[in-house]
Visitor: 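Could you have a look at this structure, given as structure tokens, before my questions?
Residue numbers begin at 1 in each chain, while the letters A, B, ... track the order of the sequences.
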Amino acid sequence: MTAWLVERLHRGAEQALRAAIEKIGVSDAGELRLSPPTEPSMGDLGMPCHPYAKLLRRAPKQIAEEIAAQTPAFPGLAKVEALNGYVNLRFDMGYVMREGLREAWSADQKLGRSDVYVGKKLLIEFSGPNTNKPQHLGHVRNNVLGLAVSNLLEAVGYDVVRANIINDRGIHICKSMLAYQRFGKGATPASTGRKGDFFVGDYYVLFDKKLREEMETWKANHPNEEIDAEVFFTKHSELGAAAQEMLRMWEAGDPETRTLWEQMNQWVYEGFDATYARLGIRFDWVDYESDTYILGKDVVEKGLAMGIFERRDDGAVVCDLAKIGLEGKKVLLRSDGTSVYITQDLGTAMRRFEAHDPQRMIYVVADEQNYHFQVLFGLLELLETGKGERCHHLSYGMVDLPHGRMKSREGTVVDADHLMDELEAMALERLQEQVQKERERAEERGEDFVAPTDQDIKGRAEKIGQSGLKYFILRFGPQTRIRFNPEESIAPEGETGPYALYSYARINSILKKNYDLTTLPSDTVLDALGTPIEIALIKTLIQFPRAVLEAAEQLNPSRLAQYLFHLAQAFSSFYNDADHNIVKSPEPQREARLALCKAFQKVLRAGLSLLGIDVVEQM
RNA sequence: GCGCCUGUAGCUCAGCUGGAUAGAGCAACGGACUUCUAAUCCGUAGGUCGCAGGUUCGACUCCUGCCAGGCGCGCCA
């Protein structure tokens, strides 16, 4: 794959400047600091000369002039200027336009993609749902982030394994199972018309309700005793005892318990499949905790043999965290020989290394687990040099709602499906208004109006709602704790998904009113471009591969999201300027501008697709 | 108590390996529709970058201390 124009320009600039710096007497130029000047009028790429002042014992201003005079030409360079101790390069805009448009037209599917990391394998774990309830807003951020990051990593060449870990065992699962066993009366998702994950979640909630009732009764009978819910559950509750017994039965492999468990899990998976499909997510590898919870014991044995873990008198195996620069001791095996959370994670990591041998493993998990991963990676590194280093915790902040933090007890948890329903309904309402407006406008002009079908409108509303949700989440850096605002997320104005989609839809309208180009016009036609607004648009356009690479390397999709917003803005300025009206443009401007529009359309679609966002052809 | 993260415009957030005059969006105010879809665009106003030191030719960015908020520090996951 040949380097993208933006990379060629950067590389050309770097080589030329390096040569010039050496020529004026600096043997090692070091890392060059190339960045666009603050004012676009000063040039396209600038370099400060201050670092060489001490070495050369000359003023930066003078050095800049010397370097500027010595900078050799390279393809695309138009002018070199010295200003205030900076060397500023100006690119040949005719060249940039011709090459940039050719690039966008010819690359198509491969647009923005690169082979920087080709030949490297990477495993990314995300989602990690529990099988006792539907996924909520927190999972949505995880899913959306995981989807975008895995797309981005794939775009820069990685062979990406998308992995999910299903938390399908434990006391919380037994709670919903027990409630179903006692109160379900044989109902099924099919018999009730309830989506599987919600169906099971209802019993989880029911368990909690019954438990509270039981506790109230107990309190009434023990008026003088203080009790908290957890103690009641483990010590006094009949339901609690039954749930714990069920967990023991499950672990013993009791056929009846296992059958119920499998049945209820199946219902949940059917529900999850629908939610994942809606979000556009698929996985290549799925681990089930019911399977992984027994892993890791061999790892512990290895650690004991290596002398990095120790067996305490009570039988528990621990690791002194001072070995990895942390305080305290971490238990790896309980005194009864069973494993804990981190033991499973160690075993699961080792198994994944064996199965895939990835160069990198990324865990998309909320930031409350920062410490856990610090310990996990530290231990992995102790056990096998290089293993821990390959791992990375992509930590992200919590999602709040406008009215505050989500709390399941207060019923302020928003589940993924209803959230998407709500957003899509809001988008639908707006679309219908829009159609009505268009109908009126057409009537005024005496034109025929072909109303879109309900199905068409609904399909668009779905995509618009999705774009709002995904863009809202992805425009922030992962670390930022965000407050999800439904209205704001699907707002047509501002930095939103629908805004980007609207600019895309407008292109179709242009192409309909003009004609759709199938091939890139000749260079002589393209030379008709050159207004400041056109130049601004194309300069933004060619930055796309950089935005993708940066977003991928920093595991930060917001880099790309923000770039796409700026791109859409640049296009909207172009579109709205009366002097750039394409229908009214004379040839060859008209054709050249159509080519520019199509290039924009290709880039925007490719970029949004990396974020997991589908475009709509019409809005 | 210890560790990690955050603190930038009224609000929500960007700000790359330190570089030229700190940027967006929303809200506010003022403009642009006989339209290639105004779900748009153009403009105005708004900031002692939490505070105090330090390093540097140069600090929102690096270091130290303090203040405020969040999260974590289980033989839970």
Visitor: Using the 3.5 Å cut-off, write out each protein N or O paired with an N or O of nucleotides 20-27 of chain B and the distance between them.
Guide:
{"residue": "B:A20", "atom": "O4'", "partner": "A:Y86", "partner atom": "OH", "Å": "3.2"}
{"residue": "B:A20", "atom": "O2'", "partner": "A:T38", "partner atom": "OG1", "Å": "3.3"}
{"residue": "B:A20", "atom": "N6", "partner": "A:N88", "partner atom": "OD1", "Å": "2.8"}
{"residue": "B:A20", "atom": "N1", "partner": "A:N88", "partner atom": "OD1", "Å": "3.4"}
{"residue": "B:A20", "atom": "N1", "partner": "A:N88", "partner atom": "ND2", "Å": "3.2"}
{"residue": "B:G25", "atom": "OP1", "partner": "A:Q569", "partner atom": "NE2", "Å": "3.0"}
{"residue": "B:G25", "atom": "O2'", "partner": "A:E495", "partner atom": "N", "Å": "3.2"}
{"residue": "B:C26", "atom": "OP1", "partner": "A:G494", "partner atom": "N", "Å": "3.4"}

Visitor: Show the distances under 3.5 angstrom between N or O atoms of the protein and N or O atoms of nucleotides 6-8 of chain B.
Guide:
{"residue": "B:U6", "atom": "OP1", "partner": "A:Q479", "partner atom": "OE1", "Å": "3.1"}

Visitor: Would you please enumerate the stems RNA chain B participates in, each stem being three or more consecutive Watson-Crick or G-U wobble pairs with both distances under 3.5 Å?
Guide: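 So the stems come out as B:1-7 with B:67-73, B:10-13 with B:23-26, B:28-32 with B:40-44, B:50-54 with B:62-66.
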Visitor: Indicate whether any N or O donor in one side chain lies under 3.5 Å from an N or O acceptor in the other, for A:T292 and A:E289.
Guide: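 No, no side-chain donor-acceptor pair sits under 3.5 Å.
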Visitor: Which whole-number value in Å describes the distance from A:E14 CD to B:U17 P?
Guide: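 Going from A:E14 (CD) to B:U17 (P), I get 15 Å.
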Visitor: What I want to find out is whether A:E251 reaches A:R169 closely enough, with some N-O distance under 4.0 Å, to be called a salt bridge.
Guide: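 A salt bridge is present here (some side-chain N lies under 4.0 Å from a carboxylate O).
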Visitor: Go through B:C71, B:A14, B:C36 for me and flag the one nearest to the A:T480 side chain.
Guide: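 Taking heavy atoms from C-beta onward, the closest nucleotide is B:A14.
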Visitor: Are any protein N/O atoms closer than 3.5 Å to N/O atoms in nucleotides 55-60 of chain B? If there are, list each pair with its distance.
Guide:
{"residue": "B:C57", "atom": "OP1", "partner": "A:K54", "partner atom": "NZ", "Å": "2.9"}

Visitor: Identify each atom pair where a protein N or O and an N or O of nucleotides 73-77 of chain B are less than 3.5 Å apart, giving names and distance.
Guide:
{"residue": "B:C75", "atom": "O3'", "partner": "A:R334", "partner atom": "NE", "Å": "3.1"}
{"residue": "B:C75", "atom": "O2", "partner": "A:S335", "partner atom": "N", "Å": "3.2"}
{"residue": "B:C75", "atom": "O2", "partner": "A:S335", "partner atom": "OG", "Å": "3.3"}
{"residue": "B:C75", "atom": "N3", "partner": "A:S335", "partner atom": "OG", "Å": "3.0"}
{"residue": "B:C75", "atom": "N4", "partner": "A:R312", "partner atom": "NH2", "Å": "3.2"}
{"residue": "B:C75", "atom": "N4", "partner": "A:D314", "partner atom": "OD2", "Å": "2.1"}
{"residue": "B:C76", "atom": "OP2", "partner": "A:R334", "partner atom": "NE", "Å": "2.4"}
{"residue": "B:C76", "atom": "OP2", "partner": "A:R334", "partner atom": "NH2", "Å": "2.7"}
{"residue": "B:A77", "atom": "OP1", "partner": "A:R334", "partner atom": "NH2", "Å": "3.0"}
{"residue": "B:A77", "atom": "OP2", "partner": "A:Y341", "partner atom": "N", "Å": "3.0"}
{"residue": "B:A77", "atom": "O3'", "partner": "A:E289", "partner atom": "OE1", "Å": "3.4"}
{"residue": "B:A77", "atom": "O3'", "partner": "A:E289", "partner atom": "OE2", "Å": "2.6"}

Visitor: Name each donor-acceptor pair under 3.5 Å that joins a side chain in residues 485-498 of chain A to protein atoms two or more places apart or in another chain, with its distance.
Guide:
{"residue": "A:N485", "atom": "OD1", "partner": "A:E487", "partner atom": "N", "Å": "3.2"}
{"residue": "A:N485", "atom": "OD1", "partner": "A:E488", "partner atom": "N", "Å": "3.2"}
{"residue": "A:S489", "atom": "OG", "partner": "A:P486", "partner atom": "O", "Å": "2.8"}
{"residue": "A:E495", "atom": "OE2", "partner": "A:Y471", "partner atom": "OH", "Å": "3.2"}
{"residue": "A:T496", "atom": "OG1", "partner": "A:A491", "partner atom": "O", "Å": "2.6"}
{"residue": "A:T496", "atom": "OG1", "partner": "A:Y499", "partner atom": "N", "Å": "3.2"}

Visitor: Quickly work out the A:Y575 OH to B:C42 C1' distance and round it to whole Å.
Guide: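 Distance, rounded to whole Å: 16 Å.
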Visitor: Mind checking the P distance from B:G3 to B:C26? Whole angstroms is fine.
Guide: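 These two P atoms come out 42 Å apart once rounded.
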Visitor: Would a line drawn from the ring center of A:Y288 to the ring center of A:W261 be shorter than 6.0 Å?
Guide: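 No, too far apart.
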Visitor: Is there a side-chain polar atom (N or O) of A:N581 under 4.0 Å from OP1 or OP2 of B:C36?
Guide: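 Yes, within the criterion.
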Visitor: Is it the case that A:K323 places NZ or CZ above or below the six-membered ring of A:F309, under 6.0 angstrom from the centre and within 45 degrees of the axis?
Guide: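 Cation-pi check for A:K323 and A:F309: fails.
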